[in-house]
Peer 1: 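Input: one structure, supplied below.
Each ligand, and each atom within it, is numbered from 1 in the order the structure gives. Position 1 is the first residue of the sequence; numbering continues from there. Here the structure is a predicted model, which means the values were calculated and not measured.
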Amino acid sequence: AAFRVDVLTIFPEYLAPLGQSLLGKAAQRGLVDIGVHDLRQWTGDVHRTVDDSPYGGGPGMVMRPEPWGRALEAVRPPGTRLVVPTPAGRPFTQAVAAQWATEPGLVFACGRYEGIDQRVADWAAGSGPVSEVSIGDYVLAGGESAVLVMVEAVTRLIPGVVGNADSVEFDSHADGLLEGPSYTRPASWQGLEVPPVLLSGDHAAIARWRRGQSLRRTADRRPDLLAALPDGALDAADRAA
Ligand SMILES: COc1cccc(COC(=O)c2cn[nH]c2)c1
């Protein structure tokens, strides 16, 4: 059955790219079903109000719970994970994406303003898992961009969506390390040569060189990933690299 994605947002046009290219083809092939819904459809007043001032004072506005309650009752299949992108969320990682790709689908709630009344996530937890997740330590104007990121990261892990299954399996972060440098023709460009080992045909040497490059790049750019590796993930050859 197709992986079902529903997005609730006050800017549905922002999610138009979900219908294009890779995702578009996957959708056409019946692998992924995507629905984008305007939250204002579930407002109750002539002005289609979705926000109000925060209790306890403070700057900005908060999204009111009632439209979200009605929208989620209409759109969210029982038991489906509700994902709320937020700077205050747990980290969204490749491991999280891989887990979500094994589920029947996802519903995304795009927050705007200062956020969504907390009772929405608390109430929604009664009808299935709720994940408040961050795609990085910065603040966006709303969750829509984060939804584009997460939908792409998750759906490309669904069998058949990405042409070359190998490229998915050997992604960066798949073995906990960063991907090293890649090269293609020409062998010499702007006076810069492709590392000779890659042209050697010695596949054991190439694998060793690539592993060394991944370790070196990870140590340089993401020492936190190196520290997080499980014991025994690095063998003697790795340590020597
Ligand atoms: C739900 O409440 C809010 C409030 C403010 C902005 C947003 C949009 O998400 C982000 O800004 C974000 C997600 N990961 N990193 C940044 C949601």
Peer 1: I'd like to know if E132 pairs up with R90 as an ion pair, taking the criterion as any Lys NZ or Arg NE/NH1/NH2 lying under 4.0 Å from an Asp or Glu carboxylate oxygen.
Peer 2: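 A salt bridge is absent here (no side-chain N lies under 4.0 Å from a carboxylate O).
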Peer 1: Are there any protein N or O atoms under 3.5 Å from the N or O atoms of ligand 1? List them with distances, or say none.
Peer 2:
| residue | atom | partner | partner atom | Å |
| --- | --- | --- | --- | --- |
| ligand 1 | 11 (O) | L140 | N | 2.8 |
| ligand 1 | 14 (N) | I135 | N | 2.9 |
| ligand 1 | 15 (N) | G136 | O | 3.0 |

Peer 1: Under 3.5 Å, side chain of R211 to main-chain N/O of I206, donor-acceptor pair present?
Peer 2: no
Peer 1: I need the E193 CD to L198 CG distance, nearest 0.5 Å.
Peer 2: 12.5 Å
Peer 1: Between W100 and F92, is the ring centre distance below 6.0 Å?
Peer 2: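 For W100 and F92, the ring centres are under 6.0 Å apart.
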Peer 1: For D52, enumerate each residue passing the side chain to side chain donor-acceptor pair (under 3.5 Å) test, keeping only those at least two apart in sequence or located in another chain.
Peer 2: none
Peer 1: Are there more than 12 heavy atoms of other residues, nucleotides or ligands under 6.0 Å from atom CG of D235?
Peer 2: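 Enclosed: over 12 neighbouring heavy atoms sit under 6.0 Å from CG of D235.
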